[in-house]
Structures are given as C-alpha cells and as structure tokens.
Amino acid sequence: MKKDFWINQAFFQASWPACVIGAAYGLLWPGLLVVGAFAAWQLRPGRIHDRDPLAVALFVGTGLVLETIWVQSGLLRYALPWPAPGTAPLWLLLLWLALGLTVNHSLASFRERWRLLALLAVFGSPMSYLAASRFGAVDWLAPWWLVVLAVGPVWGLVVGLLFRTVDRVPSERLPGAGAVGSR
C-alpha cells in the first residue's frame, strides 16, 4: 500500500484519543492539534481529492445535527461542551471531520462497500461511545441498552449513507470541478 494511505490512517487513529482523552481532561488543544495537522496534510494541493471538501462538509454537518440530537434527547452528555452547551461539542465535530478526511483515502474501499461499513458502524459506534465514557468524555444518561439501540443503528445508517453519497454526487456539481485532481 502507498505511504499516503498509512499516513491518512495514522492521523485518523490518532484523532480519537487526542479528541476524547483531551475532552475528558477539559482540553481542546490536543484534538485541534492532531485533526488540524491531519487536515493540513490531507487537504494540501496535490494530495486533496476533488471530493474531500464535500466529504468534510457532509460529515461535519451531519455530526453537528446527530450529536446535538443525542444531547437534546437526553441520551448523552459530553464533556467540554464548547462552544455551546446543548449542542455537539467542537472536539466531537473534529472527529467527524477526521472521518470525512478518510472517505477518499484510507477508507475509500468502503465507498463501494458502504453496506459493510454500515454494519461495522452498528457495532463499532456503541463501543467507541462506551470507551469514551470510560475516559470521562461522554456520559450515558439513558439506560445502556437504549443508548446502544439508538446510537448503533443510527450511526450505521448515517455513516453508510454518507460514504455512499460522497460517491454519488455528480462531479460537475462539485465546486471547482476539474480544478483539483482526483486521486
């Protein structure tokens, strides 16, 4: 595999502990540093994929809505609820941004197999939220079974469809189509 694949995946894997453990300790800067470096590296001219801005916008926008719903519904509460309590915190949106930066790179094979990714997210997302709760970054306010039944299937559906959507938007509808190279 190419070096760029592994660098993309390493940044993605480093994003979760930087954001989650940082938030658990009331620190935003570790997530900003790691995800900011990830974005700077991935979005450089010559490395950026023409669908990266679309993927990032879709993932961050969806993350804002979905994570705010979890808070507003009383399902979850997040540590370091900045910039506004009652909404998705910035550290969590950084994780959505990091995921969006993988769609056309280290996780690109899932664009064709989005159903498999959806299935993996059904099981993996509750485990991620559970691990984050063990660090103190997330509080499960509802019974565990309700959180698992809400988060898992919704995450599976949403993330699977986002991966599929990034590939389905016609190239001519992308801003600056043809201006940046497809990789």
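Just so it is clear, the model here is predicted, and its values are computed rather than measured.
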Task: Test side chain to side chain contact (heavy atoms under 4.5 Å, CB included) applied to Leu75 - qualifying residues, sequence neighbours left out - done: Trp70, Ser73, Ala142, Leu146, Val147, Ala150, Val151
Task: Val71-Leu66 co-clustered via ILVMFWY side chain contacts under 4.5 Å - done: yes
TODO: Scan residues 88-102 for pairs that pass salt bridge (Lys or Arg N to Asp or Glu O under 4.0 Å), counting only residues two or more places apart or in two chains.
DONE: none
TODO: Quick one: list whatever passes salt bridge (Lys or Arg N to Asp or Glu O under 4.0 Å) with Arg77, sequence neighbours left out.
DONE: Asp139
Task: Single-linkage hydrophobic cluster, 4.5 Å side-chain cutoff, Leu101 and Val34 together - done: no
TODO: Tell me whether Leu97 is reachable from Leu64 by hopping between hydrophobic residues (I, L, V, M, F, W, Y) whose side-chain heavy atoms are closer than 4.5 Å.
DONE: no
Open item on the list: I need the full list of salt bridge (Lys or Arg N to Asp or Glu O under 4.0 Å) pairs touching residues 10-31, with sequence neighbours left out, sorted by first then second residue.
Closed with: none
TODO: Taking all non-hydrogen atoms of both residues into account, name the closest pair between Ala24 and Phe135 and its distance.
DONE: CB-O, 3.1 Å
Open item on the list: Could you check whether any side-chain heavy atom of Trp96 comes within less than 4.5 Å of a side-chain heavy atom of Leu162, counting everything from C-beta outward?
Closed with: yes
TODO: Go through the structure and list residues passing side chain to side chain contact (heavy atoms under 4.5 Å, CB included) with Gln9, not counting sequence neighbours.
DONE: Phe12, Gln13, Ser106, Leu107
Task: For Val166 against Leu54, the heavy-atom pair lying closest together - done: O-CD2, 4.0 Å
Task: pair Trp114-Leu161: side-chain heavy atoms closer than 4.5 Å - done: yes
TODO: Given side-chain contact (heavy atoms from CB on, under 4.5 Å), test Phe110 with Val103 step by step and report yes or no.
DONE: CA-CA 8 Å; Phe110 284 110; Val103 173; over 6 Å; no
Task: From CG (Asn8) to NZ (Lys3), nearest 0.5 Å - done: 13.0 Å
Open item on the list: Could you work out, with side chain to side chain contact (heavy atoms under 4.5 Å, CB included) as the rule, every residue matching Ala118, not counting sequence neighbours?
Closed with: none
Under 3.5 Å donor-acceptor pairs involving side-chain atoms of residues 81-95, not counting sequence neighbours:
unit_1 : atom_1 : unit_2 : atom_2 : d
Thr87  : OG1    : Ala84  : O      : 2.7
Trp91  : NE1    : Ala79  : O      : 2.7

Open item on the list: Name the residue from Asp52, Ile48, Ile7, Thr102 that meets the side chain to side chain contact (heavy atoms under 4.5 Å, CB included) definition with Gln42.
Closed with: Asp52
Open item on the list: So, taking the atom named CG in Asp4 and the one named CZ in Arg47, what distance separates them when rounded to the nearest 0.5 Å?
Closed with: 4.5 Å
Task: Contact list for residues 88-112, test salt bridge (Lys or Arg N to Asp or Glu O under 4.0 Å), sequence neighbours left out - done: Arg111-Asp167
Task: ILVMFWY clustering at 4.5 Å (side-chain atoms), partners of Leu141 - done: none
Open item on the list: According to side chain to side chain contact (heavy atoms under 4.5 Å, CB included), who are the partners of Arg168, at least two apart in sequence or on a separate chain?
Closed with: Arg164
TODO: Sort and list the pairs that fulfil salt bridge (Lys or Arg N to Asp or Glu O under 4.0 Å) and have at least one residue in residues 5-15, not counting sequence neighbours.
DONE: none
TODO: Find out whether Trp140 and Leu130 are in side-chain contact, i.e. whether some heavy atom of one side chain is under 4.5 Å from a heavy atom of the other.
DONE: yes
Under 3.5 Å, which donor-acceptor pairs do the side chains of residues 119-129 form with other protein atoms, sequence neighbours left out?
unit_1 : atom_1 : unit_2 : atom_2 : d
Ser125 : OG     : Ala121 : O      : 2.6
Ser128 : OG     : Trp16  : NE1    : 3.0
Tyr129 : OH     : Glu67  : OE1    : 3.0
Tyr129 : OH     : Glu67  : OE2    : 2.6
Tyr129 : OH     : Trp155 : NE1    : 3.0

Open item on the list: Surrounding CH2 of Trp41 (heavy atoms of other residues, nucleotides or ligands, distance under 6.0 Å), is the total greater than 12?
Closed with: yes
Task: pair Pro53-Val56: side-chain heavy atoms closer than 4.5 Å - done: no
